[in-house]
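Before any comments, here is the structure.
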Amino acid sequence: MTAPSSIFADKLRSHRARNGKDGRMSQEQLAALLGLSVDAVSKYERSLSYIRGDLEHLLIEKLGWTRDEVVACREDWESRSIGKQASYRVLREHEVALEYGSIEFADAAVQALELASAHEFPDGFSACDPIWAEILKDGAMSGVYVMMGDELAAHISLIFLDEDLEARFRERRLVEAEFSLGALRRPVLPGDYFGYCAGVYIAQGHQKSALHLLNGFVKVLEDLVEREVYLKDLAAIAASPIGHQLCKDLNFQFIGPHFNAAGLEFWRLAGESIPNSLFARRSPVLKTAYADRFKKT
């Protein structure tokens, strides 16, 4: 059985079929328009290759595609490439418990973040702080674990903060070690909640697991929407240049540095901005639900 054609290949063939002086553009004409070889265009249309990143702008400038269409083509190609190169598995908290017999694996995984990271966190911001073990065992955290075999490749977690912790975040005075189970909210009832990404981690050599991590987190947000639970804000603290870039890529807004912890940056994604975020581009469900929830009146 052959693999399905890539979105990029389908769009190129469709573009040629609808354009051209005689009602249909040849591969030679398309290659000339883009300034590429006919061989390159042929490989694109047979799903054997994808256009170089520094040439993606040609699809917008020469073919009239939108940025979202180009991003969809790229992400589809990355998904296909990941499927060929690695067998990643995405597990949620309950799946971790089922597969490993208890939630102890999740506890160990969070500790592994500290051991595997070369970054030294300021006091109060450590994956090994005792509060995280309590939060995990209490089930107050929604986590996504990307595994390759028994190795942790990537992880992201989400908790919900009460009004006091929310205020501390906005004042850039939040310290994770001061969390308590009583200060966390449980999204049992429908409503708007302040969400906090308690940890985002991608292991060395597993950068390609990032797309799986994103897809897993999108599923978490979709499950919440199904229960009519929305994020009025999604907050994060970046502790490294990689974290800084990740927040930018996800369309987060920079709030400012921590008031007394060097190297920590506060970022947020407002609920009303989610329809224009990368999350919504991966999920029509999120795009529609958040647009309706936070539409301006």
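Keep in mind the model is a prediction, meaning the values are calculated, not measured.
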Non-hydrogen atoms of [X] and [Y] that approach each other most closely:
X	Y	answer
Glu222	Ser283	OE2-OG, 2.5 Å
Gln29	Ser26	OE1-N, 2.8 Å
His155	Gly143	CE1-CA, 4.4 Å
Val146	Val90	CG2-CG2, 4.3 Å
Gly182	Asp162	O-OD2, 4.4 Å
Ala236	Phe252	CB-CE2, 4.0 Å

- request: Say whether Tyr50 and Glu56, considering side chains only, have a donor N or O and an acceptor N or O under 3.5 Å apart.
  value: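 Side-chain D/A pair, Tyr50 to Glu56: present.
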Between [atom1] on residue [X] and [atom2] on residue [Y], distance to nearest 0.5 Å:
X	Y	atom1	atom2	result
Cys73	Leu59	SG	CG	7.5 Å
Arg293	Glu272	CZ	CD	13.5 Å
Glu134	Leu184	CD	CG	10.0 Å
Leu278	Leu286	CG	CG	11.0 Å
Leu174	His258	CG	NE2	6.5 Å
Asn215	Arg282	CG	CZ	4.5 Å

State, with a plain yes or no, whether a side-chain heavy atom of [X] is found less than 4.5 Å away from one of [Y].
X	Y	answer
Phe8	Ile51	yes
Leu165	Phe194	no
Val144	Arg92	yes
Lys248	Phe254	no
Leu234	Leu158	yes
Asp164	Arg168	yes
Glu69	Ile60	no
Tyr230	Val225	yes

For this session: Decide if the gap between the ring center of Tyr290 and the ring center of Phe279 is smaller than 6.0 angstrom.
Result: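 Not under 6.0 Å, so no.
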Are [X] and [Y] connected in the hydrophobic side-chain network, where two residues link if heavy atoms are under 4.5 Å apart?
X	Y	result
Ile7	Leu58	no
Leu55	Trp77	yes
Val285	Val71	no

>> Would Arg172 and Phe259 count as a cation-pi pair here, with the cationic atom under 6.0 angstrom from the ring centre and within 45° of the axis?
In response: no
### Test side-chain contact (heavy atoms from CB on, under 4.5 Å) applied to Phe217 and Leu213, step by step
CA-CA 6 Å; Phe217 193 64; Leu213 191 66; 5.9 Å; no
Please determine whether a side-chain nitrogen of the Lys or Arg among [X] and [Y] lies less than 4.0 Å from a carboxylate oxygen of the Asp or Glu.
X	Y	value
Glu166	Arg185	no
Glu75	Arg281	no
Asp10	Arg13	yes

Would you say the side-chain atoms of [X] pair up with the backbone N or O of [Y], donor to acceptor, closer than 3.5 Å?
X	Y	value
Ser209	His212	no
Arg268	Ala235	no
Ser277	Ile274	yes
Lys232	Tyr193	no
Asn251	Leu269	no

(message) Quick one, Leu63 with Lys11, criterion side-chain contact (heavy atoms from CB on, under 4.5 Å). Give me CA distance, side-chain angles, the key distance, then yes/no.
(response) CA-CA 10 Å; Leu63 305 187; Lys11 282 189 65 63; over 6 Å; no
Would you please test Phe266 and Arg170 for side-chain contact (heavy atoms from CB on, under 4.5 Å) and show each step?
-> CA-CA 8 Å; Phe266 283 65; Arg170 298 188 188 283; over 6 Å; no
Candidate pair Ile135 and Leu181, rule side-chain contact (heavy atoms from CB on, under 4.5 Å), full reasoning:
CA-CA 7 Å; Ile135 291 173; Leu181 291 177; 4.0 Å; yes
- Message: Under the criterion salt bridge (charged side-chain N to carboxylate O under 4.0 Å, His left out), I'd like the reasoning laid out for Arg227 against Asp223: C-alpha separation, chi angles, the key distance, then a yes or no.
- Response: CA-CA 7 Å; Arg227 294 162 43 203; Asp223 289 347; over 6 Å; no
Residues passing the ring pair (Phe, Tyr, Trp, His ring centres under 6.0 Å) test with Phe179, sequence neighbours excluded, are Trp132, Tyr196
List the atom pairs, with distances to 0.1 Å, where a side-chain N or O of residues 31-44 and a protein N or O form a donor-acceptor pair under 3.5 Å, not counting sequence neighbours.
{"unit_1": "Ser37", "atom_1": "OG", "unit_2": "Ala40", "atom_2": "N", "d": "3.0"}
{"unit_1": "Ser42", "atom_1": "OG", "unit_2": "Arg46", "atom_2": "NE", "d": "3.2"}
{"unit_1": "Ser42", "atom_1": "OG", "unit_2": "Arg46", "atom_2": "NH2", "d": "3.4"}

Next item on the list: Return yes when atom CD of Glu226 has more than 12 non-hydrogen atoms of other residues, nucleotides or ligands closer than 6.0 Å, and no otherwise.
Entry: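 Counting other residues, nucleotides and ligands, CD of Glu226 stays at 12 neighbours or fewer.
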